[in-house]
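See below for the structure under consideration.
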Amino acid sequence: IHLPEQKLDQLLRKINPYPFVPANDAQLSQRCHTIFQIQANALAKRIEHTHAESMVIGISGGLDSTLALLVAVEACRILGLDR
């Protein structure tokens, strides 16, 4: 396909920068909840499998370490462990 020179640096259609993030707030909330539960259940299973007696979480104050802490707290809840 031959396009005029001025069109070569322009997209021909709109590209969604977040194709896997639902636009609907309710769907987004449900997706985030599902992902969180998957992470917490995976950690709980790992804790059981390794017979771990404690967890150590490094907290930097960033979003990653905050999420790690929340997942660890939920894993403890799932397993009935004291936080």
Smallest separation among heavy atoms of A40 and A75, with atom names | O-CB, 3.7 Å
Can you sort out the partners of R77 under side chain to side chain contact (heavy atoms under 4.5 Å, CB included), two or more places apart, ordered by chain and number?
-> E74
Within residues 38-55 or reaching into it, pairs that qualify as side chain to side chain donor-acceptor pair (under 3.5 Å) - sequence neighbours excluded | none
Residues that S65 engages under side-chain hydrogen bond (donor to acceptor under 3.5 Å, both in side chains), provided they are two or more places apart | S60
So which pairs with a foot in residues 14-27 pass side chain to side chain donor-acceptor pair (under 3.5 Å), sequence neighbours left out?
-> none
Which ILVMFWY residues can you reach from I47 by hopping between side chains whose heavy atoms are under 4.5 Å apart?
-> F36, L43, M55, L67, L70, V71, L79, L81
For I15, does the CD1 atom sit with more than 12 other heavy atoms under 6.0 Å from it, leaving out its own atoms?
-> yes
So which heavy atom on A72 is nearest to which on I57, and how close?
-> CB-CD1, 3.8 Å
